[in-house]
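Okay, so here's the structure we're looking at.
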Amino acid sequence: MALLQIAEPGLSAAPHQHRLSVGIDLGTTNSLVATVRNGISTVLKDIQGSALLPSVVRYAADGGVQVGHSAQVVQSDDPHNTIVSVKRFMGRGLKDVGDVSNLPYRFVEATASASGQSTGMLQLRTVAGIKSPVEVSAEILKVLRERAELSLGGELVGAVITVPAYFDDAQRQATKDAAKIAGLNVLRLLNEPTAAAIAYGLDNAAEGVYAVFDLGGGTFDISILKLSKGVFEVLATNGDSALGGDDFDHRIYCWILEKSGLSPLGAHDTRLLLTLSRTAKEQLTNNVQTQITAVLSGGELVDMLLTREAFYEMSQNLVARTLQATRRALRDANLTVQDIKGVVMVGGSTRMPQVQQAVGELFDQIPLNNLDPDKVVALGASIQANVLAGNRSADDWLLLDVTPLSLGIETMGGLVEKIIPRNSTIPNARAQEFTTYKDGQTAMSIHVLQGERELVSDCRSLAKFELRGIPAMVAGSARIRVTFQVDADGLLSVSAREMGSGTEASIEVKPSYGLNNEDITRMLQESSKHARDDMLARALREQQTEAGQLLEAVTNALDQDGDALLDAATQARIRHSADALRATLEGNDQQAIKRAIEALNQETTEFAQRRMDHSVTHALAGHKLSELEG
């Protein structure tokens, strides 16, 4: 007989009335999953009690995959096969990443799919084969999904996954692809600053115009939002999808190389120094100086003192870039710093004192830090997921987000005609009419682009398709309406229609850096190959979770009633059995954990009965039978 958690009548949860949904913050450095329980958003923890999952994935030659803390501790020992900060590669080609000489990965040019079409996204060569950033991110999302299902005790209806507001269409599509491979139903992609505003605004009943300053491990966003009576309206957004805490780490890394006179390093030493650089950055948050010490593979000793002042100086242009984007967002919203009621700080990198100081000076006010910057995005996403899952009325509040970059098509001369300007509220649909260029023209190529520049060559190509069957007419006579539709996730579909004949063509934009259906199918098939391994891993997790809950219940029961209901010998036997169960948790033997659970349950059966009898006796004490019958 297992020990029971006793609740007051009418106060126990009714899980069958609640559709299980989560919010996921898929971060560059760390990732989190949160849900709404009893009306309160909360971050879910793993069996070790940790909320943060390091966004680190390690591939082994035998096909095994480590995710999180276990992969993080060996990142310097196996740099080629341990992928960190993969979010910066999502939806990106090698030319977008820029200088990769300081990264310890073996990059591979984009490969063609089974149809012969190139995905354009960079690939990473590991001992387990070539992996795309989408596959790596899927491993992280899979762990978060399993954590949620174990914690909530059921299958998820869906998830809201956050993305940087300045993620373009390719990066958003890559995120959705990763979620699909991980077995998640995406209820919506939600901009990270908007998610933070939801968490902050609902928890604090805030109203007015707020700036959300979001500096994460690999991306920076600034969003200007108006909060009024449950309406969250994004007025403008700006940022840089390639600026974050990693860049501050890299500045320290370059400083180490410069001051020590080291020549270009191998992958192992590069990862070691980058890891130490991140540690030094974090230590300088609360200390005025820190020591950086390492022995490299060639025997060279690195032993340097880094002061906070020196770190400020080497990183000041990075901070300046965040302020430039902030000013642009204010200009787009037609606001000044005096119009901003508060500045919400989001992302672990906002803990750096120089960032706090710069933001405070720009807005002439102390930034708001009353919510954990690491958790606030996941908490906000869980609130939105709870609404979309049907657990809460959407009438309680309204979310009006925007598209971060302009969308348009190519016109003659290699120019871009913008159809949906940036900072347009989404969902959104707009149409514009075009015409033919030559006499007798019966087809038109539609080239869809994203960006703020005027030339096609300076914008990102999203898709191309053709409208055929246009009646032969004199140039300029045909009326061709091109319609752009952006959904709530910020993803685009385009259609073209010749108004006279009704000839029509359309495309759901699958960016050149996204994955086509063949690629996703292949990855899903590969995932199914490991279904048995995944099932065994899940069973182990379930046993570990059950063991943890039992140990907590036993410990609490002994603390409350052990001395009153048990003699010393019986208490000793129970504690011995509990210690044996704790010892099995250090291994990966599911059956051993199961046996230890059964042993502890058997050892505590009589104790559970005594507690129940004691509880009933206490409840009846002082009452007459007639009172109870009444």
Side-chain angles (χ1 to χ4, degrees), residues 23 25 27-30 32 34 41 43 51-52 162-166 190-227 232 234-241 243-248 281-282 284-286 308 311-312 315-316 318-330 333 335 337 339-381 383:
D25 177 7
T28 305
T29 307
N30 296 295
L32 303 94
S41 55
V43 172
L52 297 178
T162 62
V163 293
Y166 233 57
L190 182 64
N191 288 342
E192 289 167 2
T194 310
I198 290 172
Y200 182 85
L202 293 182
D203 280 0
N204 295 272
E207 291 203 354
V209 178
Y210 285 81
V212 182
F213 189 97
D214 184 355
L215 185 62
T219 58
F220 169 68
D221 288 315
I222 177 71
S223 291
I224 310 298
L225 296 98
K226 184 178 181 181
L227 281 59
F232 295 77
V234 182
L235 303 178
T237 188
N238 211 296
D240 190 333
S241 61
L243 172 64
D246 287 354
D247 299 284
F248 289 80
K281 174 192 69 180
E282 294 169 352
L284 289 175
T285 297
N286 299 312
R308 183 184 287 179
F311 181 41
Y312 282 13
S315 61
Q316 62 181 348
L318 296 176
V319 177
R321 283 168 60 186
T322 68
L323 300 183
Q324 289 168 3
T326 301
R327 294 187 183 96
R328 288 196 297 267
L330 287 168
L335 297 171
V337 293
D339 297 316
I340 304 301
K341 184 176 180 180
V343 186
V344 180
M345 302 298 275
V346 181
S349 297
T350 59
R351 288 190 172 94
M352 287 185 283
Q354 68 265 47
V355 173
Q356 293 276 340
Q357 179 181 339
V359 172
E361 291 175 354
L362 175 64
F363 287 96
D364 194 25
Q365 59 181 288
I366 298 173
L368 301 168
N369 291 290
N370 56 323
L371 290 178
D372 188 332
D374 282 322
K375 298 179 180 178
V376 63
V377 168
L379 293 173
I383 296 172

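It should be emphasised that the depicted structure is a prediction, and the values quoted were computed from it without experimental measurement.
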> Under the side-chain hydrogen bond (donor to acceptor under 3.5 Å, both in side chains) test, which residues partner Lys281, sequence neighbours left out?
Replying inline: Asp249
>> Could you report the tightest heavy-atom contact between Asn238 and Ala325, atom names first, then the distance?
In response: CB-O, 3.5 Å
>> Test your reading of the model: is there a side-chain donor-acceptor pair from Arg308 to the backbone of Thr285, 3.5 Å cut-off?
In response: yes
> Would you say Met345 and Val359 make side-chain contact, with heavy atoms under 4.5 Å?
Replying inline: yes
> What pairs with Ser349 under side-chain hydrogen bond (donor to acceptor under 3.5 Å, both in side chains), at least two apart in sequence or on another chain?
Replying inline: none
>> For Tyr200 and Tyr210, take the angle between the two ring planes, folded into 0 to 90°, and tell me which bin it lands in: parallel under 30, tilted 30 to 60, perpendicular over 60.
In response: tilted
> Is there side-chain contact between Asn191 and Thr237, with heavy atoms separated by less than 4.5 Å?
Replying inline: no
>> Applying side-chain contact (heavy atoms from CB on, under 4.5 Å) to Phe311 and Gln354, what does each step give before you reach the verdict?
In response: CA-CA 9 Å; Phe311 181 41; Gln354 68 265 47; 3.3 Å; yes
>> Looking at every non-hydrogen atom in both residues, tell me the closest pair between Ala34 and Ala378 and how far apart they are.
In response: CB-O, 3.5 Å
>> Please report the interatomic distance CD1(Ile222) to CG(Asp214), rounded to the nearest 0.5 Å.
In response: 9.0 Å
>> Please check: side-chain N/O of Thr162 versus main-chain N/O of Glu192, any donor-acceptor pairing under 3.5 Å?
In response: no
> Got a sec, which pairs hit salt bridge (Lys or Arg N to Asp or Glu O under 4.0 Å) with one end in residues 355-371, sequence neighbours left out?
Replying inline: none
> If every non-hydrogen atom of Thr219 is compared with every non-hydrogen atom of Thr28, which pair is closest and at what distance?
Replying inline: N-OG1, 4.4 Å
> Between Lys226 and Val234, is a side-chain contact (heavy atoms from CB on, under 4.5 Å) present by the stated rule, with each step listed?
Replying inline: CA-CA 6 Å; Lys226 184 178 181 181; Val234 182; over 6 Å; no
> Does the side chain of Leu335 come within less than 4.5 Å of Leu235's, by heavy atoms?
Replying inline: yes
> So, for Ala358 and Leu323, which heavy atoms are closest and what is the spacing to 0.1 Å?
Replying inline: CB-CD1, 4.0 Å
> So, the side chain of Lys341 versus the backbone of Glu207: is there a donor-acceptor pair under 3.5 Å, distance only?
Replying inline: yes
> Between atom CG of Leu215 and atom CZ of Phe248, what is the distance when rounded to the nearest 0.5 Å?
Replying inline: 5.5 Å
>> Quick check: do Leu243 and Leu318 have side-chain heavy atoms less than 4.5 Å from each other?
In response: yes
> For the atom pair CD (Gln324) and CG (Asp240), what is the distance rounded to the nearest 0.5 Å?
Replying inline: 10.0 Å
> Taking only residues two or more places apart in sequence, or in another chain, which ones meet Asp372 in a salt bridge (charged side-chain N to carboxylate O under 4.0 Å, His left out)?
Replying inline: Arg351
> Is there a side-chain contact between Leu52 and Leu32 (heavy atoms, below 4.5 Å)?
Replying inline: yes
> Shortest non-hydrogen contact from Phe232 to Ala197?
Replying inline: CE2-O, 3.3 Å
>> With side-chain contact (heavy atoms from CB on, under 4.5 Å) as the criterion, how do Ile198 and Leu190 come out once you've worked through the C-alpha distance, each side chain's angles and the decisive distance to 0.1 Å?
In response: CA-CA 11 Å; Ile198 290 172; Leu190 182 64; 4.2 Å; yes
>> Is it true that Thr350 and Gln356 share a donor-acceptor pair across their side chains at a distance under 3.5 Å?
In response: no
> Are any non-hydrogen side-chain atoms of Thr322 and Phe213 less than 4.5 angstrom apart?
Replying inline: yes
> Can you find a pair of side-chain heavy atoms, one from Ile224 and one from Val209, that are under 4.5 Å apart?
Replying inline: yes
>> Whether the side chain of Asp221 engages the backbone of Ala165 through a donor-acceptor N/O pair (distance < 3.5 Å, no angle test) should be reported.
In response: yes
> How close do Val212 and Ala196 get, heavy atom to heavy atom, and via which atoms?
Replying inline: CG1-CB, 4.1 Å
>> I'd like to check the salt bridge (charged side-chain N to carboxylate O under 4.0 Å, His left out) partners of Arg327; sequence neighbours left out, ordered by chain and number.
In response: none
>> Tyr166: which residues meet the ring pair (Phe, Tyr, Trp, His ring centres under 6.0 Å) condition with it, sequence neighbours left out?
In response: none
>> Is there a side-chain contact (heavy atoms from CB on, under 4.5 Å) between Leu225 and Val344? Walk through the geometry before answering.
In response: CA-CA 11 Å; Leu225 296 98; Val344 180; over 6 Å; no
> Taking C-beta and beyond as the side chain, do Pro164 and Phe220 meet within less than 4.5 Å on heavy atoms?
Replying inline: no
